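In what follows, chains carry the letters A, B, and so on, assigned in the order in which the sequence lines appear, proteins first and then strands, with residues in each chain numbered from 1. Everything quoted here is computed from the prediction, not taken from an experiment.
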Amino acid sequence: MDFETVARAFAELEETSSRKAMTETLLRLLQHTSVELLPPVVLLLQGKIAPNYEGIELNMGAQLAARAIADAAAAPVPMVEERLQKLGDLGLVARDLLETQRASEAGGGTSSSPRLRVDDVFAALIEIAEATGRGSVQWKVDLLADLLRRATALEATFIVRTVTGNLRLGVGDATLLEALALAFGGGPEARPVLERAYNLTSDLPGVAVRVASGGIAAAAAVEITLGKPVRPMLAERLDSPEEILDAMGGHCAAEYKYDGERFQAHLGPGLAAIFSRRQENITHQFPDLVEALRVAIPRPAIVEGEAVALDPVSGALRPFQDLLRRKRKSVDADILAQYPVVAFLFDLLYLDGEDRTEDPNEVRREALEALVRPGEQVQLATRRVVTAVAELKRFFDEAIAEGSEGLICKQIGPGTGYRAGKRGYQWVKYKRDIHGQLTDSLDLVIVAAFYGRGRRAGTYGSFLLAVYNVESDTFETLTRCGAGLTDADLARLPERLRPSLLDHRHPRVSALIEPDVWFAPSQVFEVIGQELSLSPRHTCAFGVLEPERGLSLRFPRFTGRIRSDKAPEDATSTAEVIEMYRQQFAHR
DNA sequence: ACTGCCTGCCC
DNA sequence: ATTCTGC
DNA sequence: GCAGAATGGGCAGGCAGT
């Protein structure tokens, strides 16, 4: 199969917004794909080269792709960057530059190289992924540049986007499953069957091959397998206990929401694997946990929990940032001692060869409690069934006091099986955003901006925001912010900010980050976030709490309010943010 | 040997 | 992670 | 409400340049 066929379908998908029409396009593509080619085609549609749990990475992103585009189109890298600023998409830059180059060369030898096949492209991507060691960065760039030279401008667009992990077709797993159901399952009725097969195995190319060669029956026969990660059930968010109990039907099981890393452990004879929320195999990060889980869970099982960092001295729970120290390739005895972790288990998906995902929530929890022999490193998530708003509030306060983020509230009763791969209101997270003594939001000064990508091409994508340091009369950066901005906001902001545009950093602004454009401090954004963290990149209170570190905001977003009533000097101050940071630990 | 840049992946 | 938008 | 695409902070690890 020519890659051009895939690229044409991609282009059609990109231009379509109707989901129905997109599914039709996908259907046609899939029907023209042989079973042998189905895995690469499905993976390319997912923008991947392997399922997540296989751990194959390109280790090539936008910067290296830009170099390859420059090579292939015989253009200087700055020209690539200049086009990127305008187009907001490296794939479009590749198309643009290659078209220009080829138009100018058209008179010369029109030796059209042989067409790229899907296999060629896929094999080249795998080769890029496999390149490591000295000289490998340049080798990756060379491989991609070669591929782009052999590609049409349209093909290059999607090759580049695949490499940068940003396909932007409007096609996700759900749309692909719908199309697979139509193509090989006999109709839309097959979708739930395929969805289930995917959610239980995290292996979309595998599901595609199964249904294409064995029909719907083969897909229906898919089962949970030890060693293959199940796609996790996810929670929606609500902000008040009233809404939550309402959504839950008056009662729910509330569990502490620990601020760590969610994991799924697969334990069986001769097998112990731990997967992350996105199905990455992270077994190597937690050798101690693997051993503790083996001891605590003596039977074949799949359990889910949260791994949380501990203070090695006091044993108290530590913030998420501490856990990140564990995210490494090799975890030796020093790291184990320095960054101990504890697991809080909260679900059971599989036990003694049996799929337990259809069991109601409370049945799974009871089975988990009966199964696990808790120890120092393996415990059960604190849980309480609540039936009243006041009770839920009290439990929430307890959770915060004990160092967790809040609660996950779970529906109980008939029909509350584990909905693998779904985000819904069967589980609801309840957590609090930052709130200081004086305000429950932050008023931050826009000091710079970054050009937008994708749908934000041609306007700003995010802003660099600062607090006001009263003593030094300077503006210190606290965070970038791009979430919460509507299309309307983004449409009018450039005009509003134009009078403040500067060539260089304003002398009263202190920043370590290099943005695309600078502004004289003038506009004030109202922003919320979950909590303040120590930051190596932001200058707010730099060096005050820790050497070489300032403060930043976790999960920042714009509230929609521009404080035109406030001057930059009326923004939240450095001192206030320091006080807020200290306040975070007051109730722990 | 040190440092900065880039990437991947947690949240 | 959170948020916005088109269907 | 779903699905997808925008956007955030921050850590380790690998490579390249010095």
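Within the 4.0 Å cut-off from OP1 or OP2 of D/dC11, at least one side-chain nitrogen or oxygen of A/Gln321 is found. Regarding contacts with the backbone of C/dT2, a side-chain N or O of A/Lys431 is found under 4.0 angstrom from either OP1 or OP2. An OP1 or OP2 oxygen of C/dA1 is reached within less than 4.0 angstrom by a side-chain nitrogen or oxygen of A/Lys257. Taking 4.0 angstrom as the limit, A/Ser462 places none of its side-chain polar atoms (N or O) nearer than this to OP1 or OP2 of D/dA6. Distances shown here put every side-chain N or O of A/Ser18 at or beyond 4.0 Å from the OP1 or OP2 atom of C/dC7. Note on A/Arg554: every side-chain N or O is 4.0 Å or more away from OP1 and OP2 of D/dC11. An OP1 or OP2 oxygen of D/dA12 is reached within less than 4.0 angstrom by no side-chain nitrogen or oxygen of A/Arg326. Considering only side-chain N and O atoms, A/Ser533 lies under 4.0 angstrom from the phosphate OP1 or OP2 of D/dG10. Between A/Arg557 and C/dT2, a side-chain N or O to OP1/OP2 separation shorter than 4.0 Å is absent. Distances shown here put every side-chain N or O of A/Arg134 at or beyond 4.0 Å from the OP1 or OP2 atom of D/dA16. Of the side-chain N and O atoms in A/Arg480, one or more sit less than 4.0 angstrom from OP1 or OP2 of D/dG8.
In this structure, A/Leu324 atom CG and D/dG13 atom C1' are separated by 14 Å, rounded to whole Å. Counting to the nearest Å, the C1' atom of B/dT7 and the CD atom of A/Gln138 are 17 Å from each other. C/dA1 atom C1' lies 20 Å from atom OH of A/Tyr258, rounded to whole Å. A straight line from CG of A/Asp89 to C1' of D/dA6 spans 13 Å, rounded to a whole angstrom. Rounded to whole Å, the distance from CD on A/Glu514 to P on B/dG4 is 15 Å. Computed from coordinates, the A/Glu236 CD to D/dA3 P distance equals 11 Å when rounded to whole Å. Following rounding to the nearest Å, A/Ile282 (CD1) and D/dG13 (C1') show an atom-to-atom distance of 17 Å. Whole-Å rounding puts the A/Leu485 CG to D/dA5 C1' distance at 15 Å.
Under the 3.5 Å distance criterion, the side-chain polar atoms of A/Ser552 are left unmatched by any main-chain donor or acceptor of A/Ser535.
A/Arg237 CZ: more than 12 foreign heavy atoms inside a 6.0 Å radius. Other residues, nucleotides and ligands place more than 12 heavy atoms under 6.0 Å from the CZ atom of A/Arg505.
Residue contacts shown for A/Gly165 are absent, as no nucleic acid heavy atom lies under 4.0 Å away. Backbone-only engagement by A/Leu64 is indicated by non-hydrogen atom pairs under 4.0 Å involving sugar-phosphate atoms exclusively. Among the protein residues, A/Gly424 comes within range of no part of the nucleic acid, since none of its heavy atoms lies under 4.0 Å from any strand. A/Arg67 comes within contact range of no nucleotide atom at all, as no heavy-atom separation falls under 4.0 Å. Residue contacts shown for A/Lys140 are absent, as no nucleic acid heavy atom lies under 4.0 Å away. Across all strands, A/Arg161 comes closer than 4.0 Å to no nucleic acid atom at all (heavy-atom distances).
Here the side chain of A/Arg278 is nearest to one of C/dA1, D/dA16, D/dA3, namely C/dA1. Nearest nucleotide to the side chain of A/Arg168, out of D/dG4, D/dA6, D/dG13: D/dA6. Residue A/Ala483 places its side chain closer to D/dT7 than to any other of B/dG8, C/dC4, D/dT7. Distances were taken from every side-chain heavy atom of A/Arg19 (C-beta onward) to each of D/dG9, C/dT2, D/dG4; the shortest belongs to D/dG4. Relative to the side chain of A/Thr479, the nucleotides D/dG8, C/dT2, D/dG10 differ in distance, and D/dG8 lies closest. In this structure, the nucleotide among D/dT7, B/dC10, D/dA6 sitting nearest to the side chain of A/Ser276 is B/dC10. Checked against D/dC15, C/dC4, D/dG10, the side chain of A/Ser535 finds its nearest nucleotide in D/dG10. Closest approach to the A/Arg328 side chain among D/dG9, D/dG10, D/dG13 is made by D/dG13 (side chain taken as heavy atoms from C-beta onward). The side chain of A/Asp487 lies closest to C/dT5, out of C/dT5, C/dA1, B/dT7. Closest to the side chain of A/Lys327, out of B/dC10, D/dC11, B/dC6, is B/dC10.
Under the 30°/60° scheme for interplanar angles, the aromatic rings of A/Phe158 and A/Phe10 are found to stand perpendicular. Ring planes of A/Tyr451 and A/Tyr460: parallel class, angle under 30° (limits at 30 and 60°). Classification of the A/Trp427-A/Phe346 ring pair by plane angle, with boundaries at 30° and 60°, yields perpendicular.
Ranked by how close their nearest DNA chain C nucleotide is to the 5' end, A/Phe555 and A/Thr486 are led by A/Phe555. When each of A/Pro556 and A/Arg455 is assigned the nucleotide of DNA chain C with its nearest heavy atom, A/Pro556 is the one assigned upstream, toward the 5' end.
With no hydrogens or angles considered, a side-chain donor-acceptor pair links A/Thr25 and A/Glu12 at under 3.5 Å.
C/dC4 and B/dC5: their C1' atoms are spaced 32 Å apart (whole Å).
Between A/Phe344 and A/Tyr256, the closest side-chain pair of non-hydrogen atoms is not below 4.5 Å.
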